[in-house]
Amino acid sequence: MKIATWNVNSIRQREAHVLRWIGQTQPDVLFLQEIKCEASGFPALGFHAAGYKAEVVGQKAYNGVAVLARVPFRVVHQALPGLPPDDAQARYIEVEVNGITLIGIYLPNGNSRGDDGFAYKLAWMDHLVNRAQALLDADIPFVIIGDFNVCPTDDDFAPGSLSPTDALVRPETRQRFRRLLWMGLTDAIRAIHPHRSIYTFWDYQAGAWQRDIGLRIDHALLSPSLAEQLVSADPDKDERGLPQPSDHVPVVIRLG
DNA sequence: ATGCCGGGTCCTACCCGA
């Protein structure tokens, strides 16, 4: 099974990119983040013609996640369990495929709106930890994949490109990411590439792509039994060099 | 130089991203 994630920074701007990419990469399941539209604005017809069924958790202008799949799936959750019911941010989709739970996330950045914004990020991560623990307790194999907005270690961003107070690297953020690892989840990219510097995002500004000033913030975490089946995990770096790219590239994992 | 580009929207000045 081939599972992918891609923060597309507006699906309406990136529809042709995604169509071409799924044609050449043939993922079984692709999670999208920052689609920046409501479900009614999502270009589902084109993806359907390409053999993919879509499920959309949309929001006007900001956030928004979706899943495209060419294998049958069942939608389990359209919001992160534990968040208040009036939370309007579209950042979570959970589906089940063949007894495996697949969770696509767009984790809050945490740099906006001061202390409140950072507290929201940490609370979101706490609920994600709780969801992972519940699935472990139920012995359900699962993948959490998407834009985590976390650089887990100092190897995961270009030297000097982030201040130590940035919400992507702050100790409280990394502590919660480590909690996911310590409960037994495997960081798929790092399991395959333990030492290389690997990025999944390059800012549009200041020639970040040309100077290779990037971040590794898009991740796939695997529960123990799925980690044993991990074959490959790679960002598709070439996408960043194409015309009108997203600032993130796709990440693809293969389970044997 | 935390807003240099590139999305979005109460349509064009301003909010947001990492």
query: Just checking, Arg91(A) and Tyr106(A): is the charged tip under 6.0 Å from the six-membered ring centre and within 45° of the axis?
result: yes

message: Any side-chain to backbone donor/acceptor pair from Lys121(A) onto Ala167(A)? Under 3.5 Å, distance only.
response: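 Yes, Lys121(A) side chain to Ala167(A) backbone: donor-acceptor pair under 3.5 Å.
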
task: Give a yes or no answer on whether the side chain of His193(A) reaches the backbone of Ala233(A) with a donor-acceptor pair at less than 3.5 Å.
output: yes

query: Heavy atoms, side chains only, cut-off 4.5 Å: are Gln78(A) and Glu55(A) in contact?
result: yes

Spacing of [X] atom [atom1] relative to [N] atom [atom2], expressed in whole Å:
{"X": "Asn109(A)", "N": "dC15(B)", "atom1": "CG", "atom2": "C1'", "value": "14 Å"}
{"X": "Glu34(A)", "N": "dC15(B)", "atom1": "CD", "atom2": "P", "value": "18 Å"}
{"X": "Arg113(A)", "N": "dC16(B)", "atom1": "CZ", "atom2": "C1'", "value": "10 Å"}
{"X": "Asn7(A)", "N": "dC16(B)", "atom1": "CG", "atom2": "P", "value": "17 Å"}

- prompt: Base, backbone or nothing for each nucleotide of nucleotides 2-12 of chain B, written B, S, -, heavy atoms under 4.0 angstrom, 5' to 3'?
  reply: -BBBSSSSS--

task: Please state whether the rings of Trp202(A) and Trp209(A) are parallel, tilted or perpendicular, taking 30° and 60° as the class boundaries.
output: perpendicular

- prompt: Taking the six-membered ring for Trp, are Phe148(A) and His219(A) parallel (under 30°), tilted (30 to 60°) or perpendicular (over 60°)?
  reply: perpendicular

Please work out if [X] contacts a base, only the sugar-phosphate, or nothing of the nucleic acid, heavy-atom cut-off 4.0 Å.
{"X": "Tyr199(A)", "value": "nothing"}
{"X": "Asp147(A)", "value": "sugar-phosphate"}
{"X": "Ile217(A)", "value": "sugar-phosphate"}
{"X": "Asn63(A)", "value": "nothing"}

For nucleotides [N] and [M], find the distance between their [atom1] atoms and express it as a whole number of Å.
{"N": "dC14(B)", "M": "dG3(B)", "atom1": "C1'", "value": "12 Å"}
{"N": "dC10(B)", "M": "dC5(B)", "atom1": "C1'", "value": "24 Å"}
{"N": "dT12(B)", "M": "dT2(B)", "atom1": "C1'", "value": "23 Å"}
{"N": "dG6(B)", "M": "dA18(B)", "atom1": "P", "value": "16 Å"}

task: Using a strict 4.0 Å threshold on nitrogen-to-oxygen distance, state whether Arg70(A) and Asp28(A) make a salt bridge.
output: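 Judged by the 4.0 Å cut-off on N to carboxylate O distance, Arg70(A) and Asp28(A) do form a salt bridge.
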
